[in-house]
2 protein chains.
Amino acid sequence: MPCEQLRKWGSCQVSELPESMPLGKVRQAALECFAANGFHGTSIRQIAGAAGLSVPGMYHYYTSKHEILDSLCEVAMETLLTASRTAAERPDTPVLERFDSLIRVMVLFHARFSAIAFVTLSEIRSLQGEARVRHIAARNEQQALLNRLIEEGCAEGVFGTAHPRHAARAITAACLGVSRWFRPEGQNTPEELAEIYVDICRAAAGAA
Amino acid sequence: MPCEQLRKWGSCQVSELPESMPLGKVRQAALECFAANGFHGTSIRQIAGAAGLSVPGMYHYYTSKHEILDSLCEVAMETLLTASRTAAERPDTPVLERFDSLIRVMVLFHARFSAIAFVTLSEIRSLQGEARVRHIAARNEQQALLNRLIEEGCAEGVFGTAHPRHAARAITAACLGVSRWFRPEGQNTPEELAEIYVDICRAAAGAA
DNA sequence: TAGTACCGAGCGATTGATCGGTCGGTACCG
DNA sequence: CGGTACCGACCGATCAATCGCTCGGTACTA
């Protein structure tokens with residue numbers, strides 16, 4: 001992949017996925033605590049301390065611990081889904097190109113925002129009531145985008161996998177898995193990693 | 001894949017991966033609670049109740065809540081690693097066959113024992129001290145098995161991926177991801193799923 | 001009898017959240 | 001202009017409930 005082409009795609013990603021996700025000091029503190037200890041393993045006092053506030057000071061901003069988690073999960077899924085829709089549903093664009101774009105969004109998101117991606121995934125079971133329902137619906141929508149692309153690609157002979165649905169799921173899991181291990185100081189930048197994953201995921205879907 | 005051949009491989013798996021994992025009533029109860037609520041989101045009273053014991057009755061068998069988790073994670077990783085080593089290090093066996101075997105073990109393990117696999121993965125951050133160190137070492141060993149197979153396969157021209165390490169990681173994540181969604185009453189048996197994943201993972205690694 | 005498998009009651013510590021308050025800033029009024 | 005009222009952004013102290021775990025005990029079995 002020549003360097004110029006990488007830069008070209010890089011600029012497309014900037015418009016689909018933000019460079020950063022402003023969380024505010026309470027949510028940022030909570031995110032770090034949740035990533036390290038889990039939602040239930042994190043106390044309100046830990047979050048407040050990490051945010052440089054007292055407990056009641058923190059309750060000025062959020063009415064409950066659960067609201068903090070819900071809020072984090074929401075902004076994460078909103079960010080991911082918005083970018084994913086843009087990538088997957090680009091009009092008059094060949095299916096392979098849309099597939100590549102979606103994979104890039106997914107990998108970039110999980111690398112660039114690995115902490116919130118990891119917490120959002122691992123704390124689904126701590127979400128209660130409507131928050132959980134909303135979250136699962138968002139995940140299902142995300143998965144459906146990839147499902148449709150691979151099925152479309154198969155119908156057009158672009159993808160050769162005999163198992164489009166399973167391949168889609170495996171690809172999703174591979175991209176989600178990035179949030180577990182990615183470190184900014186590691187060997188690859190998020191953008192480099194996204195290109196690597198495009199190759200691997202194309203292969204997994206049976207692209208020629 | 002003809003049915004007879006599937007059965008042949010099925011019988012190999014029996015010798016590598018057990019049909020069941022006896023946990024005892026305390027660990028079984030804890031596993032169900034941890035899967036639903038997380039380690040920290042599960043109280044001792046919940047576990048004891050689910051096991052049909054009082055709290056002190058439960059403490060007769062395990063000295064702490066953490067010991068229960070550690071014990072679950074240990075039996076899970078031991079089971080997975082034992083079977084994985086057998087599959088990956090079979091002497092005088094072509095690399096592609098060993099790769100297939102390892103993928104089967106990984107998928108079967110995560111499908112057949114999806115609850116304990118899911119808890120073991122999602123509660124790494126709740127493991128303390130030596131238990132965590134041991135666990136991470138086991139995970140690294142597991143990953144190294146697959147890394148070596150793919151690298152060997154690339155050296156022999158069996159795999160064509162330009163990114164052996166990344167492909168290995170993506171494949172691991174895809175197999176681990178099975179524990180998130182697999183349901184026994186779903187469309188595929190664990191054995192069928194294992195074969196499907198062999199196809200997809202071969203493709204991901206760039207097998208011809 | 002000793003060992004095993006439990007138990008009810010209780011402990012000190014911690015939890016998520018609240019209460020009553022202060023402080024500094026801004027707006028309004030006479 | 002000075003005084004008053006109000007607000008947002010916090011706070012120390014506290015609450016009721018729950019937490020992980022223990023203690024002293026009982027019942028059963030070989």
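Here is the naming used below: chain letters follow the sequence lines, and residue numbers restart at 1 for every chain. Values below: every heavy atom of this structure, side chains too, minus hydrogens, waters and symmetry copies.
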Of all residues at least two apart in sequence or in a different chain, which pass the side-chain contact (heavy atoms from CB on, under 4.5 Å) check with [X]?
| X | answer |
| --- | --- |
| B/Arg85 | B/Leu81, B/Thr82, B/Glu89, B/Glu141, B/Leu145 |
| A/Ala35 | A/Val119 |
| B/Glu74 | B/Asp70, B/Arg134 |
| B/Ser54 | B/Pro56 |

For B/Arg202, give me all partners under side chain to side chain donor-acceptor pair (under 3.5 Å), at least two apart in sequence or on another chain.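 In terms of side chain to side chain donor-acceptor pair (under 3.5 Å), with neighbours along the sequence ignored, B/Arg202 is linked to B/Asp100.
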Using a 4.0 Å cut-off on heavy atoms, which residues in residues 27-39 of chain A reach DNA chain C? List them by number, or say none.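 None - not one residue of the stretch has a heavy atom sitting under 4.0 Å from the strand.
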Positions of residues 49-76 of chain A (non-hydrogen atom under 4.0 Å from DNA chain C), listed by number: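 Residues of residues 49-76 of chain A that come under 4.0 Å of DNA chain C are, in numerical order, A/Val55, A/Pro56, A/Tyr59, A/Ser64, A/Lys65.
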Sequence neighbours left out, what pairs pass ring-ring contact (aromatic ring centres under 6.0 Å, His included) with at least one residue falling in residues 36-92 of chain A?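 Qualifying pairs: A/Phe34-A/Phe39.
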ring-ring contact (aromatic ring centres under 6.0 Å, His included) partners of residues 100-154 of chain B, not counting sequence neighbours, each pair once: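 Every pair satisfying ring-ring contact (aromatic ring centres under 6.0 Å, His included) with a residue in residues 100-154 of chain B: B/Phe109-B/Phe113.
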Below 4.0 Å from chain A heavy atoms, what is the first contacting nucleotide of DNA chain D and what is the last?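 Both ends considered, the range comes out as D/dG8 to D/dT14.
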To the nearest Å, give me how far apart CD (A/Gln46) and P (C/dG16) are.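 Spelled out: CD on A/Gln46 to P on C/dG16 is 9 Å.
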Rounded to the nearest angstrom, tell me the gap between atom CD1 in A/Ile44 and atom P in C/dT18.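 Between P of C/dT18 and CD1 of A/Ile44: 10 Å.
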Could I get the full list of ring-ring contact (aromatic ring centres under 6.0 Å, His included) partners for B/Tyr197, not counting sequence neighbours?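 For B/Tyr197 there are no ring-ring contact (aromatic ring centres under 6.0 Å, His included) partners, ignoring immediate neighbours.
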Under the salt bridge (charged side-chain N to carboxylate O under 4.0 Å, His left out) criterion, do B/Glu97 and B/Arg90 qualify, and how do the steps go? CA-CA 9 Å; B/Glu97 218 174 294; B/Arg90 197 186 301 261; 5.7 Å; no
Could you pull out all residues at least two apart from B/Glu151 that satisfy salt bridge (Lys or Arg N to Asp or Glu O under 4.0 Å)?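 B/Arg165.
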